[in-house]
Amino acid sequence: MRHGSLEATAKALVAEGKGILAADETVGTITKRFESLKISSTEDSRRTYREMLVTAPGASEFISGVIMYDETIRQKGSQGTPLPEICTRSGILPGIKVDTGAKDLAGSPGEKVTEGLDGLRDRLSEYYGMGARFAKWRAVIRITERLPSPNCVSANAHALGRYAALCQEQGLVPIVEPEVLMEGPHTIERCEDVTAQVLQTVFNALYDQSIILEGMLLKPNMVISGKECSKQASVQDVAQATLQCLRRHVPSAVPGIVFLSGGQDDLLATAHLNAINQLPSPKPWKISFSYGRALQDAALETWHGKAENLQAGQQAFYHRAKCNGAACFGKYAEEMEADLSRKTAPAHRADWHDD
Ligand code: 13P
């Protein structure tokens with residue numbers, strides 16, 4: 001195992017003021033997002049879009065790594081350079097989604113377990129050869145009155161542990177992503193209870209499977225009210241509950257916490273990250289972002305599948321990355337949004353994330 005390089009990669013991914021772009025939507029998910037804007041989804045249009053993001057001028061000031069999907073990591077840019085090489089050359093670490101999706105968990109109606117362990121060692125080795133230096137595996141946990149079941153939490157935690165061990169064996173930093181979903185009418189208190197239980201179970205599994213904590217990153221949900229909850233917690237309450245939960249359940253040896261956005265409005269996701277970083281309580285880890293929708297929505301809408309909008313799409317992406325970079329220092333201010341004169345979320349706002 002390459003301890004030193006794992007630690008160095010993990011640290012580089014959470015370098016000061018930088019975070020990760022999650023651009024690893026499956027073909028099915030990106031197609032739904034494109035179709036909501038009437039953009040045709042072909043191998044070429046998906047490549048053009050993702051090349052637009054990773055080649056956005058100045059992106060590497062705020063973006064340390066990009067998570068790709070299997071199709072993307074094998075693609076070449078318009079000048080014939082493989083996309084992972086384009087990233088590496090511009091100082092952005094290539095990463096790869098390696099789970100094969102959340103599937104129905106037998107014996108637990110309404111719950112999912114993430115699959116993809118079979119053959120994972122060989123896939124990781126191939127991805128390493130293509131330039132990937134980190135990986136992602138997403139588990140999904142749903143809240144209802146009776147869920148999650150202990151079985152769902154432990155099955156997903158076990159799989160995350162086995163994935164993380166294989167990644168570290170193959171020299172890739174595992175991003176461990178246990179996502180407690182926002183969907184539902186639950187309160188922020190209920191989200192905190194479930195997130196606490198999930199994080200504790202996940203770190204127990206990581207311990208059992210001898211994971212080097214210094215060579216991994218955690219990608220959790222924020223502690224937030226359910227989308228259909230009648231009482232939506234304030235930005236300050238979300239920040240406090242999130243930091244409290246993380247301080248109680250995430251070991252300090254983990255170098256960084258990179259949040260998912262989970263369907264939050266893009267500006268709200270930035271405001272939450274900023275408020276967390278502004279809190280005075282000690283934070284033993286870097287606290288940053290690994291957003292998908294909250295980094296991409298404005299860029300996708302601006303680009304709209306049209307060559308003449310490529311530059312504007314890149315500017316929209318750069319802008320969101322810059323705002324989130326500032327939020328890593330707790331230095332984001334709403335006035336920064338005036339740069340692009342857009343204060344509301346893009347109209348198409350896609351809520352789903354099914355991979
Ligand atoms: P969102 O930020 O859109 O939730 O995506 C992050 C991600 O990578 C989920 O797996």
Side-chain angles (χ1 to χ4, degrees), residues 22 24-33 35-36 69 97-118 120 136-164 175-206 208 218-233 238 241-242 245 249 259-265 269 290-294 349-355:
D24 59 323
E25 300 84 1
T26 59
V27 171
T29 294
I30 192 94
T31 297
K32 283 189 214 159
R33 293 194 187 156
E35 281 173 355
S36 71
Y69 181 59
K97 167 192 175 75
V98 298
D99 67 70
T100 55
K103 308 285 160 59
D104 289 345
L105 176 61
S108 288
E111 297 194 293
K112 305 268 185 198
V113 64
T114 300
E115 296 187 350
L117 290 170
D118 287 353
L120 182 56
K136 177 191 113 171
W137 178 290
R138 171 177 179 255
V140 288
I141 309 288
R142 188 175 152 219
I143 301 183
T144 69
E145 262 173 45
R146 56 173 191 95
L147 301 180
S149 67
N151 180 38
C152 173
V153 175
S154 68
N156 276 295
H158 180 79
L160 279 166
R162 287 193 53 203
Y163 140 82
I175 295 194
V176 172
E177 180 179 8
E179 175 174 1
V180 176
L181 297 172
M182 285 170 69
E183 281 70 28
H186 53 270
T187 61
I188 186 173
E189 290 80 12
R190 174 96 170 110
C191 178
E192 183 170 355
D193 284 351
V194 172
T195 303
Q197 179 202 339
V198 167
L199 290 176
Q200 193 63 45
T201 311
V202 166
F203 278 100
N204 288 346
L206 298 179
D208 288 345
L218 178 72
K219 175 163 172 166
N221 51 284
M222 292 177 188
V223 173
I224 211 162
S225 320
K227 251 190 223 157
E228 289 87 48
C229 179
S230 53
K231 187 172 169 268
Q232 289 293 310
V238 167
T242 301
C245 188
H249 301 283
F259 288 108
L260 57 92
S261 59
Q264 297 177 55
D265 166 272
S290 174
Y291 294 157
R293 285 161 287 183
R349 183 86 235 137
D351 283 337
W352 27 260
H353 188 310
D354 53 10
D355 13 274

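Residue numbers count from 1 along this sequence.
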Please determine which of Lys97, Lys219, Arg138 meets the side-chain contact (heavy atoms from CB on, under 4.5 Å) test together with Ile175.
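It is Lys219, the one option of Lys97, Lys219, Arg138 that forms the side-chain contact (heavy atoms from CB on, under 4.5 Å) with Ile175.
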
Taking side chain as C-beta onward, heavy atoms only, is [X] less than 4.5 Å from [Y]?
| X | Y | answer |
| --- | --- | --- |
| Val194 | Pro148 | yes |
| Leu160 | Pro178 | yes |
| Leu181 | Ile143 | no |
| Val180 | Pro220 | no |

Keeping the roles fixed (side chain from [X], backbone from [Y]), state whether a donor-acceptor pair exists under 3.5 Å.
| X | Y | result |
| --- | --- | --- |
| Thr242 | Val223 | yes |
| Ser225 | Ala233 | yes |
| Glu179 | Ala139 | no |
| Glu111 | Ser149 | yes |

Give me the atom names and distance for the closest heavy-atom approach of [X] to [Y].
| X | Y | value |
| --- | --- | --- |
| Ile188 | Val238 | CD1-CA, 4.0 Å |
| Ala269 | Ser261 | CB-CB, 4.2 Å |
| Ala164 | Leu206 | CB-CD2, 4.1 Å |
| Val140 | Ala102 | CG2-CB, 3.7 Å |

Apply side-chain contact (heavy atoms from CB on, under 4.5 Å) to Lys32 and Glu25, showing your working.
CA-CA 10 Å; Lys32 283 189 214 159; Glu25 300 84 1; over 6 Å; no

Atom pair [atom1] ([X]) and [atom2] ([Y]), whose distance is rounded to the nearest 0.5 Å:
| X | Y | atom1 | atom2 | answer |
| --- | --- | --- | --- | --- |
| Thr100 | Asp118 | OG1 | CG | 8.5 Å |
| Arg293 | Asp265 | CZ | CG | 12.0 Å |
| Leu218 | Ser290 | CG | OG | 11.0 Å |
| Gln232 | Ile224 | CD | CD1 | 8.0 Å |
| Met222 | Cys245 | CE | SG | 13.0 Å |

Neighbour count >12 (heavy atoms, 6.0 Å) for atom CD, Glu145:
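Counting other residues, nucleotides and ligands, CD of Glu145 stays at 12 neighbours or fewer.
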
Partners of Asn151 by side chain to side chain donor-acceptor pair (under 3.5 Å), sequence neighbours excluded?
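Asn151 satisfies side chain to side chain donor-acceptor pair (under 3.5 Å) with Ser108 once adjacent residues are dropped.
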
Between Leu120 and Trp137, does the side-chain contact (heavy atoms from CB on, under 4.5 Å) criterion hold? Intermediate values first, please.
CA-CA 11 Å; Leu120 182 56; Trp137 178 290; 4.2 Å; yes

Can you pull out every side chain to side chain donor-acceptor pair (under 3.5 Å) where at least one residue sits in residues 190-199? Sequence neighbours excluded, please.
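Only Glu192-Gln244, Thr195-Asn221 qualify under side chain to side chain donor-acceptor pair (under 3.5 Å).
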
Can you sort out the partners of Asp104 under salt bridge (charged side-chain N to carboxylate O under 4.0 Å, His left out), two or more places apart, ordered by chain and number?
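Result, salt bridge (charged side-chain N to carboxylate O under 4.0 Å, His left out) vs Asp104: Lys112.
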
Set out, in order, the CA-CA distance, both residues' side-chain angles and the distance that settles side-chain contact (heavy atoms from CB on, under 4.5 Å) for Cys191 and His186, then state yes or no.
CA-CA 7 Å; Cys191 178; His186 53 270; 4.2 Å; yes

